[in-house]
Amino acid sequence: MSHGVARANGVELAWDSFGDPGAVPMVLIMGLGTQMIGWDEVFCAHLAAAGGLHVIRFDNRDVGLSTQLPQLGVPDVQALMMKALGGQPFTVPYTLRDMANDVAGLLDALKLERAHIVGASMGGAIGQEMAIHHARRMLSFTSIMSSTGDPTLPPPTAEAMGVLFTPAPATLEAFIPHYAKVWRVLRGPHPFPEDEARDAERARAVFTRGLNPAGTARQLAAIFASGNRKPALRDTQVPTLVIHGDADPLVPVQAGIDVAAAIPGAKLLRLPTMGHALPVSLWPQLVGAIANHSQKSK
């Protein structure tokens, strides 16, 4: 495994990688407030092996070991959400386009001309911004459990919104059950016992690397500010696979259907039991689909 810190677009991004550094690169972009370890090491290793890929994961700005931006202040997320819903103007510390520029800067820093791009949740939206503004850097795009930002799409469930807006406790003792509850909700109504058994260990790893609630608020503000990407996506030519769970309580499956409809030629893979998570029991399907899509798009 290689690892390092890349200077990209005015921030520093912590990254590591799996597989042969000389192989075709694939960059994984994680979602809201989620560190790169949200892409499990075993998942990444399987993906590198299945696709003959050099798989790179990284911490987005304002999360994990990448640059944190406290000087940009803490936005009032609920006030911004109301303004966004009401069509009122507002300013934010940065946008998803800035975060897409970070990814392009990461490619520059790693001396990679082009890469396969895979994004989960907010990471999928960042990938969409890349497809709009940096398409020439993309060999292919896989969007997982994401949305075009169309405001007419169905909203999250009340329970999913509830865990999204529940502040993370500041002690490890309290954070472990909090983490388990959040993911129990986000994984949806179907049981995933392997993941539930790993939640405490995962919570410790997340807590140890460092929480940044203010950074999560800034990322959420970026999502609200980035609006509806659907009109711009109609012009993208990047070969795209859309993966979405039918049981997603945070970003309902209609959003994935919408992404696939918006991008010319996109393929849609719906997984009946998947919620807003990448559960262990579905890794073979997910890895197989992503690797297959990348091999067809070289």
K.L.:
Listed by chain and number, what are the salt bridge (Lys or Arg N to Asp or Glu O under 4.0 Å) partners of Arg137, not counting sequence neighbours?
P.N.:
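For Arg137, the residues satisfying salt bridge (Lys or Arg N to Asp or Glu O under 4.0 Å) (neighbours in sequence not counted) are Asp108.
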K.L.:
Could you pull out every donor-acceptor pair under 3.5 Å between side chains of residues 273-283 and any protein atom, sequence neighbours left out?
P.N.:
residue : atom : partner : partner atom : Å
His276  : ND1  : Asp248  : OD1          : 3.1
His276  : ND1  : Asp248  : OD2          : 2.8
His276  : NE2  : Ser121  : OG           : 2.8
Trp283  : NE1  : Leu278  : O            : 2.9

K.L.:
List the residues meeting salt bridge (Lys or Arg N to Asp or Glu O under 4.0 Å) with Asp195, not counting sequence neighbours, and say none if there are none.
P.N.:
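Asp195 satisfies salt bridge (Lys or Arg N to Asp or Glu O under 4.0 Å) with Arg202 once adjacent residues are dropped.
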K.L.:
Under 3.5 Å, side-chain donor or acceptor atoms of residues 23-39 against the rest of the protein: list the pairs with distances, not counting sequence neighbours.
P.N.:
residue : atom : partner : partner atom : Å
Thr34   : OG1  : Leu32   : O            : 3.0
Gln35   : OE1  : Arg209  : NH1          : 2.7
Gln35   : NE2  : Val206  : O            : 3.1
Gln35   : NE2  : Gly210  : O            : 3.1

K.L.:
Once ring pair (Phe, Tyr, Trp, His ring centres under 6.0 Å) is applied, what residue pairs with a partner in residues 230-272 remain, sequence neighbours excluded?
P.N.:
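Every candidate ring pair (Phe, Tyr, Trp, His ring centres under 6.0 Å) pair involving residues 230-272 fails, so no pair, neighbours aside, qualifies.
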K.L.:
Name all residues meeting the ring-ring contact (aromatic ring centres under 6.0 Å, His included) criterion together with Phe207; count only those two or more places apart in sequence or in a different chain, and write none if there are none.
P.N.:
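Once residues adjacent in sequence are excluded, the partners of Phe207 under the ring-ring contact (aromatic ring centres under 6.0 Å, His included) criterion are Phe175.
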K.L.:
Does any pair with a residue in residues 45-56 pass side-chain hydrogen bond (donor to acceptor under 3.5 Å, both in side chains), and if so which ones, sequence neighbours excluded?
P.N.:
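Checked against side-chain hydrogen bond (donor to acceptor under 3.5 Å, both in side chains) - neighbours excluded - the pairs reaching residues 45-56 are Ser17-His54.
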K.L.:
Taking the side chain as everything from C-beta on, heavy atoms only, tell me whether Val11 gets closer than 4.5 Å to Arg61.
P.N.:
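The answer is yes; the side chains approach within 4.5 Å.
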K.L.:
Just jot down the side-chain hydrogen bond (donor to acceptor under 3.5 Å, both in side chains) partners of Glu129, sequence neighbours excluded, or say none.
P.N.:
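Partners of Glu129 under the side-chain hydrogen bond (donor to acceptor under 3.5 Å, both in side chains) test: His133.
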K.L.:
Pair up each side-chain donor or acceptor in residues 70-91 with any protein partner under 3.5 Å, not counting sequence neighbours, and list the distances.
P.N.:
residue : atom : partner : partner atom : Å
Asp76   : OD1  : Gln78   : N            : 3.4
Asp76   : OD1  : Ala79   : N            : 3.1

K.L.:
Checking Glu201 now: which residues fulfil salt bridge (Lys or Arg N to Asp or Glu O under 4.0 Å) with it, not counting sequence neighbours?
P.N.:
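So Glu201 forms no salt bridge (Lys or Arg N to Asp or Glu O under 4.0 Å) with any residue.
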K.L.:
Does anything in residues 223-242 form a ring pair (Phe, Tyr, Trp, His ring centres under 6.0 Å)? List the pairs, not counting sequence neighbours.
P.N.:
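As it turns out, there is no ring pair (Phe, Tyr, Trp, His ring centres under 6.0 Å) pair with a partner in residues 223-242 once direct neighbours are skipped.
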K.L.:
Sort out for me which residue in His116, His293, Met138, Lys267 forms a side chain to side chain contact (heavy atoms under 4.5 Å, CB included) with Pro239.
P.N.:
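For Pro239, the side chain to side chain contact (heavy atoms under 4.5 Å, CB included) check succeeds only for His293.
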K.L.:
Only pairs at least two apart or in different chains count here, so list each side-chain hydrogen bond (donor to acceptor under 3.5 Å, both in side chains) that has a residue in residues 169-191.
P.N.:
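The answer is Arg187-Asp199.
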